[in-house]
Chemist: 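Have a look at the structure that comes next, please.
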Protein chains: 2
Amino acid sequence: MKDVAARAGVGLKTVSRVVNGEPGVTPETERRVQEAIDALGFRRNDSARVLRKGRTASIGLVLEDLADPFYGPLSRAVEEVARAHGALLINGSSAEDPEREQELVLALCARRVDGLVVIPAGDDHRYLEPELKAGVATVFVDRPAGHVDADVVLSDSFGGARDGVAHLIAHGHRRIGFIGDMPRIHTAAERLRGYRAAMEDAGIPVRESWMSLGVTDPERVRRAAEEMLTGPDPVTAIFTGNNRVTVTVIRVLAEHPHGVALVGFDDIELAELLRPGLTVVAQDAAALGRTAAERLFGQLDGDLLVPERIELPTRLIARGSGELPPAP
Amino acid sequence: MKDVAARAGVGLKTVSRVVNGEPGVTPETERRVQEAIDALGFRRNDSARVLRKGRTASIGLVLEDLADPFYGPLSRAVEEVARAHGALLINGSSAEDPEREQELVLALCARRVDGLVVIPAGDDHRYLEPELKAGVATVFVDRPAGHVDADVVLSDSFGGARDGVAHLIAHGHRRIGFIGDMPRIHTAAERLRGYRAAMEDAGIPVRESWMSLGVTDPERVRRAAEEMLTGPDPVTAIFTGNNRVTVTVIRVLAEHPHGVALVGFDDIELAELLRPGLTVVAQDAAALGRTAAERLFGQLDGDLLVPERIELPTRLIARGSGELPPAP
DNA sequence: CTGAAAGCGCTAACAA
DNA sequence: TTGTTAGCGCTTTCAG
C-alpha cells in the first residue's frame, strides 16, 4: 500500500480510501491510484485490516465429518448464510473426538473468527467460557452444549424416533430392535429414549438384547444386527439411529431371508429405489445449518442476546420398508 | 499480552516466549506468566501473529458444492492433510459460477492463505497471476486451470468414460446415449470425448440425438433421458457423466418398462443394492483431495517447484446395470 | 479533499 | 535468562 501511494504520488490514506471505496476522493486522484494498484498487482492484506478493525468477517464451523452426507448440506447452508453476510467459512472435522473439537475451536478463536457454529463432540464446553465472555458469538447445532449457556438448534430426535418406532408398532411389530450411535452422543441417547417411549406407550416390554449403542463402524453394526435377528426372541423390525447405521443395516437385511422391517433416522439418497423402499424419519440438515447460522449473525448484529433452544421437527416418510408386516 | 506481562511483572517478550513454548524461561517465571494468562483468560491473537510472520497456517479450498457427495470426501481429505501440517481449512462453494470462484479465490488471497486448492468453475485463471507470483501455492483439482501454469490433479475422465462405454458395447449395445454436464466443464468434455472414442473404436456411428450436455438439474436430465429412450433410434443403454446425472437417470429408468443398461461416472452409496445393481466408473475423490493437498504442502516446503499434471486412474465396477443385454 | 502520525497485538533482532 | 525497540500493513484521528 505504501508502494502504491508512492507510485501514485499520494498519501497512504488516500490509497486506503480508494481501496475501500470510501468517499472523498477526486475522480482524477482515484484514477491515478487505481492505475498504480493495477501496475503493482496490489491486493489489500486483510490480516492487517482485521488487526485494526477487530472483526474478521469469518466464522468457524466445527462438525464431526465433512464427508458424511448429513453434514455436507448442513455445511453448505451455513456457508450460504455466511456469504450473505459477507463472511467466509473456516471448517474443521472433530472426528467425534472431544479433544480435537476443543483444539479446533480454540484455534478458530485464536484467529478471531467472529462466530462459531459447533456440532459438539464432547459434553463439556466450559473451556469456551472465556471466549464467550470475550464476545465470540456461538451457536451449537445438532446436540446441546455441556455446562454453558448458549444457543442450540436441534432436530426433534426424541419425537422423531418415537414416531418411527410407533409406525412399526402400528404395522404389527412387537419385537423391534434399536441400533444407534455411542450413548454419550446426545442425539443417540434421545433417539433411544424415543424408542423406549414408543414401546412403553404400546405396553411392550423391551429386552436388553434388542438395543445396541456404540460406534457406527460397519463391523460393529453388522454384528449387532445379526445378533438381534438370530438370537432368542429375534426381532421382526429394526429402527436405526442415523444414516451410517442405516446403510449398514440395509446391507445386512439384503442378505437376510425374511422380510425384516426397517425405519431409519435420516433420509438417504435413492432410498425410494431400494427394494423395498426405505422408510425414514427425515431431518432437514440444511435447515439446521441455516437456522444456526442465522442465529449466529443475529447475535453478531446485537439482537438475539438471550440464548434459546430451537427444535426443528422431523418428518416420517413411508416408502415400504417400514410397512412390512412381521415375518411369521 | 501487554496485560499479562504487567500482571506477571515481566517483559512482553517473556510472555511471548511462554505462549509459544520457546526455550529460555525459568520454570518459576513461566509459572507466574502462566498464572496471569489463566487469570486473564488470555489467548494469542493469531491475526497479529500472521501479520508479523507472513504465514497464516491456513489454506483455502474452492469447490463447486460442499453438499455434493463427491466433494465431501475430497474436502475431508484436504482437511486431513492440512491438519497434519498444522493448517486450517477455509472453504467456499463456487456454485459452478466463474465469477463467484474468482471472488472467493481473491478473498482467500486477501486473507493471505498460504495455499489454494481450486476446483475451477471458470476456464481462465489469469486473474491469479499476481498471486502466483507473490508466492501463493496453488493446486487445481478435478479440472485443469485456464491459461496459467500450475499443478493439476485429475481423474482420467477420458479413459474412464471410454472404458465404461466400451463395457456397454462389449455387452452387445450399439445405440448408446451419453448425458453429461455443461460442455465448458473440462471433465464433461473429456468424458464425452471418451464416449466418442469408444464408439469410434467399435465402428459405431454416433447420432447427435444420443448426446446431451447441459446443466445437471433433474428436469433437464430427465427430459434428455426420455427423449433418447422414446425418440427415433431409441438407445438401449445410457452412459451418465457424473453422480448427479446418474441419480436422475436411475429414477427415470425405474419408471421405464424395458431394461435399459446404465453405466455411471462416479460411484454412489448403496449402488450395489439397487435392482439391478449400478455399474459405475468410480473415481477416488479422497485420493484426489489428498494428492492435491500433498502437492500443495510440497510447494510450500520448497520442493515440487515445477508444475505437474497428475492423472489418477478410474475403476470400472460391474454390478448389473451395465451388463444388461440390449432390449429387443 | 488530502495526508501525517499513532497504534492494533504480535515477533525478530538485538541489548542488557 | 530477560527486556527493549522497531515494525508487519492497515485504519483511525485529526490537522491541513
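Just so it is clear: chains get the letters A, B, ... in the order the sequence lines come, proteins before strands, and each one is counted from 1. Heavy-atom basis, side chains included; hydrogens, waters and symmetry copies ignored.
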Chemist: Please state how far atom CD in A:Glu22 lies from atom C1' in D:dC10, giving the value in whole angstrom units.
Modeler: 12 Å
Chemist: Which whole-number value in Å describes the distance from B:Met1 CE to C:dG9 C1'?
Modeler: 8 Å
Chemist: For the side chain of B:Arg17, counting heavy atoms from C-beta on, which of C:dT11, D:dT2, D:dC10 is nearest?
Modeler: D:dT2
Chemist: Under 4.0 Å: is that the gap between some side-chain N or O of B:Thr26 and OP1 or OP2 of D:dT2?
Modeler: yes
Chemist: Would you tabulate the side-chain donor-acceptor contacts of residues 3-13 of chain A under 3.5 Å, counting partners in other chains and residues two or more places apart, or write 'none'?
Modeler:
none

Chemist: Would you give the length of the straight line joining atom CZ of A:Arg143 to atom CD1 of A:Ile119, rounded to the nearest 0.5 angstrom?
Modeler: 7.5 Å
Chemist: If you take any heavy atom closer than 4.0 Å to DNA chain C, which residues from residues 45-53 of chain A end up in contact?
Modeler: A:Leu51, A:Arg52
Chemist: Could you say whether B:Gly24 or B:Arg112 is positioned toward the 5' end of DNA chain D, judged by the nucleotide with the nearest heavy atom to each?
Modeler: B:Gly24
Chemist: Against A:Gln299, only a single residue in A:Asp114, A:Thr138, A:Asp151 fulfils side-chain hydrogen bond (donor to acceptor under 3.5 Å, both in side chains); can you say which?
Modeler: A:Asp151
Chemist: With each end axis built from five pairs of C1' atoms, what bend angle do you get for the helix from C:dC1-D:dG16 to C:dA16-D:dT1? Round to 10°.
Modeler: 40°
Chemist: Mind calculating the distance between CD (A:Glu30) and C1' (C:dT2) to the nearest angstrom?
Modeler: 14 Å
Chemist: At less than 4.0 Å, is any side-chain N or O atom of A:Ser16 found next to OP1 or OP2 of D:dC10? Yes or no.
Modeler: no
Chemist: Between C:dA13, C:dT2, D:dC10, spot the one nearest the side chain of A:Val25, thanks.
Modeler: C:dT2
Chemist: Tell me, with the steps shown, if B:Asn20 and B:Arg44 meet side-chain hydrogen bond (donor to acceptor under 3.5 Å, both in side chains).
Modeler: CA-CA 9 Å; B:Asn20 295 301; B:Arg44 183 179 66 198; 2.4 Å; yes
Chemist: Report which part of the nucleic acid A:Val10 touches: base, sugar-phosphate, or nothing (heavy-atom distance under 4.0 Å, all strands).
Modeler: sugar-phosphate
Chemist: Does the side chain of A:His125 come under 3.5 Å of the side chain of A:Glu101 through a donor N or O and an acceptor N or O?
Modeler: yes
Chemist: Within the supplied structure, the quantity of interest is the number of heavy atoms (other residues, nucleotides, ligands) at a distance under 6.0 Å from B:Glu99 CD; does it exceed 12?
Modeler: no
Chemist: I'd like to know if the side chain of B:Ser94 pairs up with that of B:Glu64 as donor and acceptor (distance under 3.5 Å, no hydrogens or angles considered).
Modeler: no
Chemist: How do B:Lys13 and A:Asn20 order along DNA chain D: which one's closest nucleotide is nearer the 5' end?
Modeler: B:Lys13
Chemist: Between B:Thr56 and B:Arg112, is there a donor-acceptor pair closer than 3.5 Å when you use the side chain of the first and the backbone of the second?
Modeler: yes
Chemist: Please lay out, stage by stage, how B:Ser155 and B:Ser157 fare under the test side-chain hydrogen bond (donor to acceptor under 3.5 Å, both in side chains).
Modeler: CA-CA 6 Å; B:Ser155 279; B:Ser157 283; over 6 Å; no
